[in-house]
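Right, one structure below, let's go through it.
Here, residue 1 is the first one in the sequence, and each next residue gets the next number.
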Amino acid sequence: MGERQVTDGGGRRALRFAPMLQNARRGSLTREIAVIAIGLVAGTVMLCWFLNTVFLERYYVRNKQSVLLSGFRMIDDASVSGRLYEEEFDVAFDNLCANGNITVMIISSDRAIVRSSVNDTQQMLIEFLDIIFGERENEVTVLLQEENCVIQRQTDRRLNSEYLVLYGTLSNGNLILMRSALESIRESVKTSNEFLIYIGIFAIAAGAVVAVLVARRVTTPVLKLTDISRRMTELDFEAKYTPAGRKRNEIDELGAHMNEMSHTLEQVIADLKSANNRLLRDIEKKTQIDQMRREFLSNVSHELKTPIALIQGYAEGLIEGVSEDEESRSFYCGVIADEAEKMNLIVKKLLTLSQLESGGETVMMERFDVTELIAGLLHSAEILMEQNGITVTQYPQQPAYVWADEFMVEEAVGNYLSNAIHYAKGKKEIAVRYETHPGVLRVCVYNSGDPIPEDELGKIWNKFYKVDKARTREYGGSGIGLSIVKAVMEAFHRECGVINKKDGVEFWFELDTESRITE
């Protein structure tokens, strides 16, 4: 359908060139994957070759140095304990010499050879003495020097060979000489590097083949999805993605979602065309209706979130059998029923508050105990506060009678508590307290957390204004809670406000009261 819609010559040429572009893209992606794979393999081989060349000999020398030192300490321990001449020590001595490729000679103070790992002791003695004292012919580097022994790296320029030599004095006074050749390590490094080169060539070739196969396996469905997306941009929603095999992978999942998106977009576009026709007939009326709908939904979603959360929490408690006795279940059911009724009242009162702002709502003034009202709100929010790890550190205990509309006051306190719960940070504490003034009771709700920027303190009472938009979206706030409080206070002809504390924020409002708080 998408191709039939293109009737001009340029469009036909674009369709003819499309397969060529697809092949070019396929070659490019395949080439990139192959280059990356070959580069990784080649880089790994080169890194191994470099580490092998630079550090293997050093590692070998350090390891051999440790073996010499360990052998010296073993022989010294045997000399101290008197086991040096026992047959049991012969096995350990032979293992040290054979496994470590070490030549060992122990000489007494009268130059008698106590123990030697070679048969030609005299020749070996001459070589050892030449190594130790023949400094003109040998290059000597001291690697380690301790109290009883010295380890040197010596180069015999005459023989063009290198050794690690340990000489020192045992605890019984005997002189010990130990030597190990280093020439074998160079041959090992050379052989290892040659082997790495062969392995590297094979790994690069195998990696290139695997990369091409993997790239083709990936690019084929990707190109299908690309073609589908191109046709979708041309409003051709007939194209559908079909998986190549039975097993579904991430690309197949993407293709399935694109199929769903294509179907959804087709329906949405059809709906939009119908909506556009209606908007053309009466765009001003439609705009007003949408604005009213958005405001209403925002208000309802904000105000109903907490009751719904409580109903859900108590309902889940009943389902999971948190309470086994009939009395507790009845209590849970009662809370659910109360919160459902509260939601119904909130919906009605939201409309009433809207009329209140326009001056069309009558305020029902009555005398009631605001402490009892606050206690009920705190009790209803217990589950929500427990879920958020919030602690109520202070709340009023004595009765406090005021003159106001009880439901509107409940709405104001509920909004303050809701804000406190959702914005509590740090110690996560909430406190409710009173301040008494002549003829006025000030209700203060504090929560620990971040202070409100000073330049925004006057804006938070505006409708839909949000200080922290990301956090407000997180818990579903609409930004009208504080504007409702302000509207209620204006209906009471009283004040409300906010104060930044050192470690939190405190909101307040004032109500008419008798001359004193009833004891």
Side-chain angles (χ1 to χ4, degrees), residues 13-67 99-101 153 155 160-162 164 180-233 239-259 261:
R13 286 194 297 272
L15 291 176
R16 288 198 300 270
F17 288 138
M20 297 177 61
L21 294 175
Q22 292 176 1
N23 291 332
R25 288 194 297 270
R26 178 183 301 162
S28 175
L29 183 57
T30 303
R31 183 170 59 253
E32 289 179 5
I33 296 178
V35 169
I36 292 173
I38 294 173
L40 289 174
V41 175
T44 303
V45 173
M46 292 179 64
L47 178 61
C48 292
W49 179 86
F50 173 80
L51 296 175
N52 203 37
T53 303
V54 176
F55 297 104
L56 181 58
E57 183 175 349
R58 300 179 186 177
Y59 176 80
Y60 179 86
V61 171
R62 181 171 295 181
N63 183 67
K64 184 63 68 175
Q65 178 180 331
S66 176
V67 172
N99 297 335
N101 191 22
R153 181 170 181 168
T155 303
N160 193 24
S161 58
E162 280 191 301
L164 278 185
S180 179
L182 296 178
E183 287 300 318
S184 59
I185 186 59
R186 293 192 176 91
E187 183 177 356
S188 299
V189 172
K190 181 180 178 182
T191 304
S192 176
N193 286 339
E194 291 178 355
F195 181 75
L196 277 176
I197 292 174
Y198 295 131
I199 290 297
I201 294 173
F202 173 79
I204 291 172
V209 173
V210 172
V212 171
L213 295 176
V214 171
R216 289 181 178 177
R217 184 178 180 86
V218 172
T219 54
T220 298
V222 169
L223 288 173
K224 290 182 180 179
L225 293 175
T226 303
D227 181 66
I228 292 174
S229 64
R230 177 187 60 79
R231 294 175 64 179
M232 289 173 61
T233 60
K240 301 296 180 183
Y241 177 82
T242 303
R246 294 182 178 180
K247 293 184 178 179
R248 295 173 65 88
N249 53 33
E250 290 82 359
I251 296 180
D252 294 334
E253 292 291 336
L254 176 60
H257 290 309
M258 287 192 68
N259 291 340
M261 183 175 65

Q | side-chain contact (heavy atoms from CB on, under 4.5 Å) assessment of Ile199 paired with Val45 | A | CA-CA 8 Å; Ile199 290 297; Val45 173; 5.7 Å; no

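Side-chain N or O atoms of Ser180 include none that pairs as donor or acceptor with a backbone N or O of Leu164 at under 3.5 Å.
Separating the OG1 atom in Thr44 from the CD1 atom in Ile204 is a distance of 9.5 Å, to the nearest 0.5 Å. A distance of 11.5 Å separates CG in Leu51 from CE in Met46, rounded to the nearest 0.5 Å.
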